[in-house]
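Take this structure first; my questions come after.
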Amino acid sequence: MFLHDTMSREKRPLLPKPGRDVYGMYCCGPTVYGPAHIGNFRTFTVQDVLRRTLEVAGLKVKHVRNITDVDDKTIRGAQAAGQTLSDFTMTWTDKFHADCTALGLLPPHVEPSAVVHIPQQVAMIKALVDRGHAYVAKDGSVYFKVCSCPDYGKLNHIDFSKLETQSENSAGEANDADEYERESASDFALWKSRKPEDGANFWPSPWGEGRPGWHIECSAMSLAHLGATFDLHGGGIDLCFPHHENEIAQSECATGVKGFAAHWFHSAHLMVEGEKMSKSKGNLYTLDELVAKGFTPMEVRATLLSGHYRSSLNFTMKGVDDSRSALAKLERGTDRLLAAAGFTRAEFAAPSAQEVQTSWGRFAKAWEVLQDDLNIPGCLGQVFTVLAEKDEPSTEQARQDVSGLAKILFALGLQLFAAKAEVAIPADVAELGARRWAAKQSKDFSAADQLRQDLAAIGWTMLDRKDGYELKKA
RNA sequence: GGCGCGGUAGCCAAGUGGUAAGGCCGGGCUCUGCAAAAGCCCCAUGCGUCGGUUCAAUUCCGACCCGCGCCUCCA
């Protein structure tokens with residue numbers, strides 16, 4: 001498996017660190033102050049495919065994705081809802097998990113909570129202060145001293161030694177009033193001293209009561225669960241700076257060990273109907289909103305995977321429609337292949353089949369493409385190409401193909417043949433359908449046509465089969 | 001200003017120094033009382049523009065035009 005690495009800007013192989021048999025990946029998780037939107041889920045879905053692909057490739061993976069449950073937004077949200085911070089974040093954590101399940105995301109092996117890891121964060125900040133990489137401001141806040149870290153900026157290829165202050169950039173008017181005690185504009189908060197507006201949300205520390213800064217949370221949790229160095233760190237591209245840059249600086253300076261994450265994996269953002277997602281535009285779709293529009297979570301997943309992870313993806317309702325059609329085609333092609341192999345859908349879905357079978361059949365190319373920088377669109381193109389091949393495969397060939405296809409669909413997390421929600425058929429519709437079928441059987445076609453029109457008038461269509469019919473909502 | 005990404009058919013989207021995967025839509029055919037469904041076939045002499053390198057460029061190099069992202073605790 002090869003994957004583009006943000007720091008080296010090269011495609012590099014993914015292998016566990018020498019001497020280890022587990023591939024450790026840390027992904028920045030959600031801030032649980034409301035429902036996650038599809039942009040968040042693009043990132044998590046792409047990470048899920050990476051993890052699945054590595055597992056199908058035979059690697060043992062340890063996937064860590066945190067829950068950010070203490071920061072400005074969660075505290076404000078809890079206060080607005082009149083709830084304790086933990087009750088509030090629990091509600092949204094549960095909702096996040098429900099959405100993840102619906103989208104077919106495998107649960108991470110470890111899902112650490114930032115609040116639970118505050119002692120580890122305090123310990124890390126203390127190490128930074130002791131080593132001269134951080135300083136305590138008058139109010140008890142602690143800041144990371146960027147100039148003490150000579151290679152700060154290496155992830156983003158920015159040379160900070162030449163910059164006088166960060167605030168000289170065009171966006172640099174963001175000097176928060178509560179950060180005026182920083183020695184340099186580039187320095188960032190590790191510990192924020194207790195403020196009245198924090199309410200009951202403060203913790204003890206050697207510098208007084210307060211709460212951790214956002215960046216230190218991920219450094220402490222990755223250290224706790226993956227060690228001072230690990231294999232891969234992922235997140236949305238917006239986190240590349242400053243969040244990930246800060247994580248590197250904090251972790252490497254606190255532990256004294258260079259090489260925090262061996263590989264950096266960033267996914268591009270989502271646009272919605274051609275526009276950047278934003279609250280003011282009202283296009284921050286949640287999964288629930290898309291389901292309410294009649295789309296299934298699997299259709300949403302397929303849409304989120306319809307572009308390469310390093311390109312921004314324009315999410316449109318037409319796109320989800322297209323994905324629905326494509327998934328249906330994928331199901332039909334899979335059905336044909338199963339028939340050629342003499343398998344049932346149930347056998348295809350069984351996980352044991354994936355473990356036992358090792359062949360890729362005609363899908364070897366699709367698998368190869370997927371392993372080249374997680375090229376999901378290219379992989380799916382290959383899958384469709386094979387499914388469209390004209391020559392009927394032999395039973396043996398088809399069985400090998402099924403094995404390969406099952407593994408690829410598992411890697412992509414595309415679950416086919418999900419039970420369709422049964423649409424209740426109203427009694428009057430059922431009666432019209434029965435009458436039309438009877439009329440057709442007795443070859444009274446004019447009556448049958450009239451009844452078809454009657455059904456259409458109330459929003460239903462009737463699909464004739466050989467031995468019966470099907471009523472569908474238009 | 002700094003760092004970075006991208007412009008491929010009506011829409012979406014892979015890809016390659018040797019002549020353009022795939023999906024959607026559309027058109028045709030088969031099947032069909034009708035209508036669908038399904039299957040098959042067709043659908044970019046062309047890959048933002050202009051130069052350059054090359055036997056050969058959409059693919060490499062340069063310039064330009066256009067769109068986008070980060071530089072603000074946004075995945």
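Reckoned from all heavy atoms, side chains included, excluding hydrogens, waters and symmetry mates. Convention: sequence-line order gives letters A, B, ...; per-chain numbering from 1. The shown structure was predicted, so the numbers you read here are calculated from the model rather than taken from an experiment.
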For the pair made of CZ in A:Phe241 and C1' in B:C5, what is the distance, rounded to whole Å?
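Between C1' of B:C5 and CZ of A:Phe241: 18 Å.
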
Starting at CZ of A:Arg42 and ending at P of B:C74, how long is that distance when rounded to a whole Å?
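Those two atoms, CZ and P, are 20 Å apart.
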
Say you pick atom C1' in B:C43 and the same atom in B:G10; how far apart are they, in whole Å?
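Straight-line distance between the two C1' atoms is 11 Å.
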
With rounding to the closest Å, how many angstrom separate the C1' atoms on B:C74 and B:U49?
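These two C1' atoms come out 35 Å apart once rounded.
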
Within the structure shown, what part of the strands sits under 4.0 Å from A:Asn156 by heavy-atom distance: base, sugar-phosphate, or nothing?
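Sugar-phosphate contact only.
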
RNA chain B in dot-bracket, Watson-Crick or G-U pairs under 3.5 Å, [ ] crossing, | other strand?
(((((((..(((.....[...))).(((((.......))))).....(((((..]....))))))))))))....

With heavy atoms under 4.0 Å as the rule, sort A:Leu270 into base, sugar-phosphate or nothing.
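Here A:Leu270 touches the bases of the nucleic acid.
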
What is the separation between atom CG on A:Asp335 and atom C1' on B:G39, rounded to the nearest whole Å?
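After rounding, the reported distance stands at 14 Å.
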
Please identify each residue that fulfils side chain to side chain contact (heavy atoms under 4.5 Å, CB included) with A:Glu368, with sequence neighbours left out.
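Listed in chain order: A:Lys365.
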
Tell me, please, which residues at least two apart from A:Asp322 pass side chain to side chain contact (heavy atoms under 4.5 Å, CB included).
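Once residues adjacent in sequence are excluded, the partners of A:Asp322 under the side chain to side chain contact (heavy atoms under 4.5 Å, CB included) criterion are A:Lys318.
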
Kindly say whether, by distance alone, the side chain of A:Arg452 makes a donor-acceptor pair under 3.5 Å with the base of B:A35?
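Counting by modelled atom types and ignoring angles, a donor-acceptor contact under 3.5 Å is found here.
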
P-based separation of B:G26 from B:C64 [nearest Å]:
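Per the computed distance, 43 Å lies between those P atoms.
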
Check side-chain hydrogen bond (donor to acceptor under 3.5 Å, both in side chains) between A:Asp321 and all other residues, then give those that pass, not counting sequence neighbours.
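For A:Asp321, no residue satisfies side-chain hydrogen bond (donor to acceptor under 3.5 Å, both in side chains) once neighbours in sequence are set aside.
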
Given the C1' atoms of B:U19 and B:U32, what is the spacing between them in whole Å?
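That atom pair is separated by 43 Å.
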
Presence of A:Lys276 side-chain N/O under 4.0 Å of B:C70 phosphate oxygens OP1/OP2
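Yes, A:Lys276 has a side-chain N/O under 4.0 Å of OP1/OP2 on B:C70.
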
Regarding A:Asp449, tell me which of base, sugar-phosphate or nothing describes its non-hydrogen contacts under 4.0 Å with the strands shown.
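Here A:Asp449 touches the bases of the nucleic acid.
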
Taking the same atom, C1', in B:C71 and in B:U54, what whole-Å distance lies between them?
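About 40 Å, rounded to a whole number of Å.
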
Would you say A:Arg465 places a side-chain N or O within less than 4.0 Å of OP1 or OP2 belonging to B:A36?
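So the side-chain polar atoms of A:Arg465 never come under 4.0 Å of the phosphate oxygens OP1 or OP2 of B:A36.
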
For residues 25-34 of chain A, which residue pairs qualify under salt bridge (charged side-chain N to carboxylate O under 4.0 Å, His left out), counting only residues two or more places apart or in two chains?
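Checked against salt bridge (charged side-chain N to carboxylate O under 4.0 Å, His left out) - neighbours excluded - no pair reaches residues 25-34 of chain A.
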
Contacts of type side-chain hydrogen bond (donor to acceptor under 3.5 Å, both in side chains), residue A:Thr74, not counting sequence neighbours:
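Checked A:Thr74 against side-chain hydrogen bond (donor to acceptor under 3.5 Å, both in side chains); matches are A:Asp71.
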
For A:Leu455 and B:A36, give me the distance from atom CG to atom C1', rounded to whole Å.
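Value for this atom pair: 13 Å.
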
Does the ring of A:His269 lie flat against the base of B:A75, closer than 5.5 Å centre to centre with planes under 30°?
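Yes, the aromatic ring of A:His269 stacks with the base.
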
Base, sugar-phosphate, or nothing: which does A:Arg65 touch, judged by heavy atoms less than 4.0 Å apart?
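Counting heavy atoms under 4.0 Å across all strands, no contact is made by A:Arg65.
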
List, with names and distances, any nitrogen or oxygen atoms from the protein found under 3.5 Å away from nitrogen or oxygen atoms belonging to nucleotides 21-24 of chain B.
residue	atom	partner	partner atom	Å
B:A21	O2'	A:Thr385	OG1	3.2
B:G23	OP1	A:Lys329	NZ	2.9
B:C24	OP2	A:Lys329	NZ	3.4
B:C24	O2'	A:Asp322	OD1	2.4

Pairwise ring-ring contact (aromatic ring centres under 6.0 Å, His included) hits with a residue in residues 436-474 of chain A, at least two apart:
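Non-adjacent pairs meeting ring-ring contact (aromatic ring centres under 6.0 Å, His included): A:Trp437-A:Tyr469.
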
Could you give the distance separating B:U8 and B:G48 at their P atoms, to the nearest angstrom?
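Comparing P positions in B:G48 and B:U8 gives a spacing of 7 Å.
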
Take the protein atom CH2 of A:Trp264 and the nucleotide atom P of B:C70, then report the distance between them rounded to whole Å.
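The distance from CH2 of A:Trp264 to P of B:C70 comes to 19 Å, rounded to the nearest Å.
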
All ring pair (Phe, Tyr, Trp, His ring centres under 6.0 Å) counterparts of A:His225, not counting sequence neighbours:
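With neighbours one apart ignored, the set is A:His117.
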
B:G6 to B:G15 separation - P atoms, rounded to the nearest Å
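My reading of the P atoms in B:G6 and B:G15 gives 11 Å.
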
Assess, by modelled atom type and distance only, whether the side chains of A:Ser312 and A:Asn314 contain a donor and an acceptor separated by less than 3.5 Å.
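The criterion, which ignores hydrogens and geometry beyond distance, is not satisfied for A:Asn314 and A:Ser312.
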
Check for a donor-acceptor pair, side chain of A:Glu209 on one end and backbone N or O of A:Arg194 on the other, with a separation under 3.5 Å.
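Between the backbone of A:Arg194 and the side chain of A:Glu209 there is no qualifying donor-acceptor contact (under 3.5 Å).
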
Residue pairs involving residues 373-391 of chain A (criterion salt bridge (charged side-chain N to carboxylate O under 4.0 Å, His left out); sequence neighbours excluded):
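Checked against salt bridge (charged side-chain N to carboxylate O under 4.0 Å, His left out) - neighbours excluded - the pairs reaching residues 373-391 of chain A are A:Arg310-A:Asp373, A:Arg362-A:Glu389.
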
My understanding is that only residues two or more places apart in sequence, or in another chain, count here; which of them pass side chain to side chain contact (heavy atoms under 4.5 Å, CB included) with A:Glu392?
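A:Glu392 satisfies side chain to side chain contact (heavy atoms under 4.5 Å, CB included) with A:Ala340 only.
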
Any residue in residues 31-41 of chain A with a heavy atom nearer than 4.0 angstrom to RNA chain B? Just list them by number, or reply none.
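Those residues whose heavy atoms fall under 4.0 Å from RNA chain B, taken from residues 31-41 of chain A in numerical order, are A:His37, A:Gly39, A:Asn40.
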
I'd like to know if the side chain of A:Asn375 reaches the main chain of A:Gly378, judged simply by a donor and an acceptor atom lying under 3.5 Å from each other, with no hydrogens or angles considered.
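It does hold such a pair.
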
Rounded off to whole Å, could you give me the NE2-to-C1' distance for the A:His308 and B:G6 pair?
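Nearest whole value for this atom pair: 13 Å.
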
Keeping A:His157 on the side-chain end and A:Met7 on the backbone end, is there a donor-acceptor pair under 3.5 Å?
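Judged by distance alone, yes, a pair lies under 3.5 Å.
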
Distance between P atoms of B:A21 and B:G4 (Å, rounded)
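About 33 Å, rounded to a whole number of Å.
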
Sugar-phosphate, base or nothing in reach of A:Leu239, heavy atoms under 4.0 Å
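Sugar-phosphate contact only - A:Leu239 comes under 4.0 Å of backbone atoms but never of a base.
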
If each of A:Ser311 and A:Met271 is mapped to the nucleotide of RNA chain B with the nearest heavy atom, which maps nearer the 5' terminus, i.e. the 5' end?
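Nearest nucleotide further toward 5': that of A:Ser311.
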
